[in-house]
Amino acid sequence: MKIFCIGRNYVDHAKELGNEVPSEPVIFMKPKSALLQSHTPFYYPEFTNELHAEAELVLRISKNGKYIQEKYASKYYNGITVGIDFTARDIQDELKSQGLPWEKAKAWDNSTVIGKWLDITPDLKKNDINFCLYKNKELVQQGNSEQMIFNFDKIVSYISNYFSLNIGDVIFTGTPAGVGECVVGDELEGFIEDESLFELSIK
Ligand code: MG
């Protein structure tokens, strides 16, 4: 299983972190060990003082492929959910300032939460999916797939030019504006439309 993540896929989020809006998808990856298993507590990591939660729509790959054309890309994923790409923002800022890779800030053990999967059905309007993150019962992040710079099919096609996609791989499609800090004791809950797909407390 591979975990792909797209960075800076929403204009407002790219701007809030002072990044340029990309002209092609920004890809990074996390290892399998980055996935928080269900019924496992999430512990605030000891190496950061600025933990951010990035709520994102996540796709589940359902067919093996390589060099997938955009017009066929929708045949390669069949599930969607909301997840969190946890980020040690202080470490990421330091690495970015030195032009170094992001793994220490993004790919650590349990840095990734994936909600309950929803099947993608023909009537799902993929370019109009609302999702959001609540922290301590307050709305902190809200997005819609139509705000993505690169849509699902473009992302799948683009990734497959560099990496083979395999059944069970997942793709985090980027976070909208409103990323913010989390502290011990926070309760997070992620939704697609009005369906709650995960709940998590930070220990
Ligand atoms: Mg992210």
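Values below: all heavy atoms of this structure, side chains included; hydrogens, waters and symmetry mates excluded. Since this is a predicted model, take the numbers as computed values, not measurements. For ligands, and for the atoms within them, numbers begin at 1 and follow the listed sequence.
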* Hey, does Leu57 have a side-chain heavy atom less than 4.5 Å from the side chain of Ile192? -> yes
Show every donor-acceptor pair shorter than 3.5 Å between a side-chain atom in residues 3-17 and any protein atom, with sequence neighbours excluded, or say none if there are none.
residue, atom, partner, partner atom, Å
Arg8, NH2, Asn19, OD1, 3.3
Asn9, OD1, Ile149, N, 3.3
Asn9, OD1, Phe150, N, 2.8
Asn9, ND2, Phe150, O, 3.0
Asn9, ND2, Thr173, O, 3.0
His13, ND1, Glu16, OE2, 2.7
Glu16, OE1, Gly178, N, 3.0
Glu16, OE2, Gly178, N, 3.2
Glu16, OE2, Val179, N, 3.4

* **Protein N, O or S atoms lying under 2.8 Å from the Mg ion (ligand 1), listed by chain and number** => Glu54 OE1, Glu56 OE2, Asp85 OD2
* Are any of the side-chain heavy atoms of Asn127 and Asn151 separated by less than 4.5 Å? -> yes
* Structure fact -> Sorted by chain and number, sequence neighbours left out, side-chain hydrogen bond (donor to acceptor under 3.5 Å, both in side chains) with Thr121 holds for Asp123
* According to a 4.5 Å side-chain heavy-atom criterion applied to Ile, Leu, Val, Met, Phe, Trp and Tyr, with indirect links allowed, do Val58 and Val156 form part of one hydrophobic cluster? -> no
* **For Glu195, all residues meeting salt bridge (Lys or Arg N to Asp or Glu O under 4.0 Å), sequence neighbours excluded** => Lys116
